[in-house]
Amino acid sequence: MLFTRIPLLARPLLRPSPIASASPVVPLFSRLFASSSPAALARKPTKTKLKTHKGAAKRWISIANGAFKRSKAGKVHLNGGKDRERLNRLGGTVLASSRQKRLLRRLMPYA
């Protein structure tokens, strides 16, 4: 028999593959910065970022001298049974103690 059937996968390709004729893949950064070597563009390892404690950040505010300030609790509702003196006292602000300051500096490193 002169003509035998050849499976499709075993037949040679009659036309060139589009993948073979495509231009070689060039990394994007080498096209943009031709003067820089790829080693110079590699990202340098850095320290990990410190995370801010969101609960502390919502309650405390850092002021210019490095201290922390917060408002007092207990004046939002159920004020009917409290006398004026107590309500005025609860309306003020409080500065952090030295021990609290050390703790707050760790909880809010960028404040």
For residues 92-109, tabulate all N or O donor-acceptor pairs below 3.5 Å that involve a side-chain atom, not counting sequence neighbours.
from, atom 1, to, atom 2, distance (Å)
Ser97, OG, Gln100, N, 3.3
Gln100, OE1, Ser97, N, 3.0

Pairs under 3.5 angstrom only: tabulate donor-acceptor contacts from the side chains of residues 57-75 to other protein residues two or more places apart or in another chain.
from, atom 1, to, atom 2, distance (Å)
Arg59, NH1, Gly55, O, 3.0
Asn65, OD1, Ala67, N, 3.1
Lys72, NZ, Arg89, O, 3.2
Lys75, NZ, Leu87, O, 3.4

Q | Other ILVMFWY residues reachable from Leu50 by side-chain steps of under 4.5 Å | A | Tyr110
(Q) Show the nearest heavy-atom pair for residues Lys82 and Leu78, with the distance to one decimal. (A) CE-O, 3.5 Å
